[in-house]
Each structure stands twice: as C-alpha cells, then as structure tokens.
Amino acid sequence: MSILQSTKKAVEQVTGVARPGKQGVTDLVRRRKANEFWFTDDGLVPNHPFWPLVVYRSAVRLPEEFDPAAVLEELFEANGWGDGWRNAIYDYVHYHSRIHEVLGVAAGTAKVQFGGKKGRTLSLKAGDVAVLPAGTGHQCLSASDDFLVVGAYPPFGTYDRMHDCPGA
C-alpha cells in the first residue's frame with residue numbers, strides 16, 4: 001500500500017470522514033448477476049477444483065462524497081471479510097493456496113488475467129467486485145494510472161502467495 005493510501009486509510013478510520021457507516025454501505029450495493037468463470041489446473045496454477053471465480057459488474061455505487069476504497073472496505077468488513085488492503089494487483093501470475101480473496105475496484109480500470117496462463121482476461125472497472133476461491137490465479141496485464149483495488153480475506157484460512165516469479 002502506498003504511503004498516501006496508508007495515511008488516508010488511517011485518518012478515515014480514526015475520524016470517520018469520507019467513510020460510509022456500516023448500515024449505509026448496504027444501500028450502495030446493486031443487485032447484479034453473478035458471472036462465473038471455471039478454470040482447471042494449468043500445471044502452474046491449480047485454480048479451485050469445485051468453485052468458480054465470481055465477478056459482479058458495477059456491483060457497488062461509489063458516490064463522490066465517500067472515498068471509494070473506504071466504501072469497499074466497509075462493505076467487505078460488514079460481510080465478515082477482513083485484513084483489508086489497498087493497492088493494485090501484482091503483474092505476475094500468483095494465487096493464494098489456503099485462503100479465498102475478494103477484490104473490489106475502487107478506481108480506474110485494468111485488464112486482469114484470471115485462472116493462470118490458460119485462463120481468461122477480464123476488463124475490470126471501478127465498482128466491480130471479484131471473489132476468488134483459494135487457488136485461483138490472477139495477474140494484472142495492464143491498468144490505468146489511477147487503478148486502485150481493495151482486497152480482503154475471510155476470517156478462516158491462512159494467507160500465502162504462490163507464484164513462479166523469482167524475487168517476488
């Protein structure tokens with residue numbers, strides 16, 4: 001997380017400024033069809049054997065009076081997803097073998113490949129939410145300069161980052 005985003009998050013959490021309340025955040029959720037994407041083991045990335053990647057397009061309204069990252073953090077926390085972070089998505093293929101992950105796009109756009117090298121490239125934009133079951137490969141192929149993602153994890157499982165990228 002950048003110093004700016006770390007500072008902004010800390011100030012918002014202490015003061016409540018630019019953060020919707022836990023009750024108000026549910027009013028910002030839009031009912032959307034779940035788009036499911038199934039991937040098989042590609043030799044490097046196992047993907048999940050039983051559960052799909054689920055993407056909700058334009059699932060969250062991000063009003064100007066709130067920090068969009070704070071909206072997603074509050075939404076995820078209200079639904080039991082914690083250990084949140086703000087940043088981008090790594091530019092190399094990686095996955096988390098022992099924990100699921102939720103990604104919400106707070107700003108900008110990106111092309112993200114899910115499922116490993118034989119997976120599928122999706123264009124994501126602000127307001128989109130993706131739920132990745134453990135083992136689902138993901139990699140940012142390109143992004144706008146303002147691309148910002150909020151990620152979080154369920155209260156069970158253990159964080160790890162598996163990849164085939166030396167030095168990462």
Side-chain angles (χ1 to χ4, degrees), residues 1-2 5 25-26 28-62 68-69 71-168:
M1 184 177 333
S2 72
Q5 286 299 323
V25 76
T26 57
L28 301 176
V29 176
R30 297 176 172 143
R31 286 180 116 19
R32 292 293 189 244
K33 176 185 172 223
N35 298 283
E36 297 180 354
F37 301 92
W38 298 84
F39 305 111
T40 58
D41 187 324
D42 73 356
L44 173 64
V45 176
N47 294 300
H48 199 283
F50 308 115
W51 297 338
L53 162 72
V54 179
V55 178
Y56 297 95
R57 302 289 188 176
S58 301
V60 182
R61 286 187 313 106
L62 302 170
V71 169
L72 293 164
E73 288 166 347
E74 289 292 337
L75 177 63
F76 296 161
E77 288 172 17
N79 286 282
W81 293 73
D83 294 326
W85 52 267
R86 298 178 182 193
N87 207 332
I89 298 172
Y90 293 121
D91 62 357
Y92 55 86
V93 178
H94 66 285
Y95 62 93
H96 311 289
S97 68
R98 299 180 305 222
I99 198 162
H100 309 306
E101 182 175 36
V102 63
L103 302 174
V105 181
T109 60
K111 291 196 183 300
V112 179
Q113 185 164 17
F114 292 100
K117 296 291 185 192
K118 297 179 183 176
R120 180 144 179 202
T121 300
L122 301 176
S123 294
L124 299 179
K125 66 180 182 346
D128 290 350
V129 174
V131 182
L132 291 71
T136 303
H138 47 297
Q139 170 186 18
C140 185
L141 300 177
S142 65
S144 61
D145 290 340
D146 62 341
F147 183 62
L148 178 64
V149 172
V150 171
Y153 307 95
F156 50 86
T158 304
Y159 178 84
D160 65 349
R161 184 176 68 216
M162 311 299 289
H163 52 82
D164 190 26
C165 183

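Atom set for the values below is all heavy atoms of this structure, side chains included, hydrogens, waters and symmetry mates excluded.
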Between [X] and [Y], does any side-chain donor sit less than 3.5 Å from a side-chain acceptor?
| X | Y | value |
| --- | --- | --- |
| D160 | S97 | yes |
| K125 | S58 | yes |
| K111 | S123 | yes |

What is the minimum heavy-atom distance between [X] and [Y], and which atoms define it?
| X | Y | value |
| --- | --- | --- |
| R86 | V150 | CG-CG2, 4.2 Å |
| F76 | V129 | CE2-CG1, 4.3 Å |
| A143 | A110 | CB-CB, 3.8 Å |
| I89 | C140 | O-CB, 3.3 Å |
| I99 | P154 | CG1-CD, 3.9 Å |
| G115 | T136 | N-CG2, 4.5 Å |

| Heavy atoms of other groups near R120 CZ, more than 12 under 6.0 Å | no

| task | Decide yes or no on side-chain contact (heavy atoms from CB on, under 4.5 Å) for V55 and E36, but give the supporting numbers first. | result | CA-CA 7 Å; V55 178; E36 297 180 354; over 6 Å; no

Do [X] and [Y] have side chains that approach each other closer than 4.5 Å (heavy atoms only, starting at C-beta)?
| X | Y | answer |
| --- | --- | --- |
| H94 | M162 | no |
| V112 | L141 | no |
| V29 | L75 | yes |
| H163 | V93 | no |

| Y153: which of Y159, W85, W81 passes side-chain hydrogen bond (donor to acceptor under 3.5 Å, both in side chains) | W85

| task | Give me the ring orientation class for Y90 and Y92: parallel if the planes are under 30° apart, tilted from 30 to 60°, perpendicular past 60°. | result | parallel

| request: Please state whether the rings of H138 and H96 are parallel, tilted or perpendicular, taking 30° and 60° as the class boundaries. | output: tilted

Return the [atom1] to [atom2] distance between [X] and [Y], rounded to the nearest 0.5 Å.
| X | Y | atom1 | atom2 | result |
| --- | --- | --- | --- | --- |
| L122 | N35 | CG | CG | 8.5 Å |
| K118 | D41 | NZ | CG | 9.5 Å |
| T109 | D146 | OG1 | CG | 7.0 Å |
| Q139 | D91 | CD | CG | 7.0 Å |
| Y95 | L132 | OH | CG | 13.5 Å |
| N87 | L103 | CG | CG | 11.5 Å |

| field | Check: H100 ring centroid to W51 ring centroid under 6.0 Å | value | yes

| message | Is the distance between the ring centroids of F114 and F37 under 6.0 Å? | response | no

Flag, side chain of [X] to backbone of [Y], donor-acceptor distance under 3.5 Å:
| X | Y | result |
| --- | --- | --- |
| D42 | K117 | yes |
| R32 | R57 | yes |
| N47 | T40 | yes |

| Pair L72-V60, side-chain contact (heavy atoms from CB on, under 4.5 Å): steps then yes or no | CA-CA 8 Å; L72 293 164; V60 182; 4.0 Å; yes

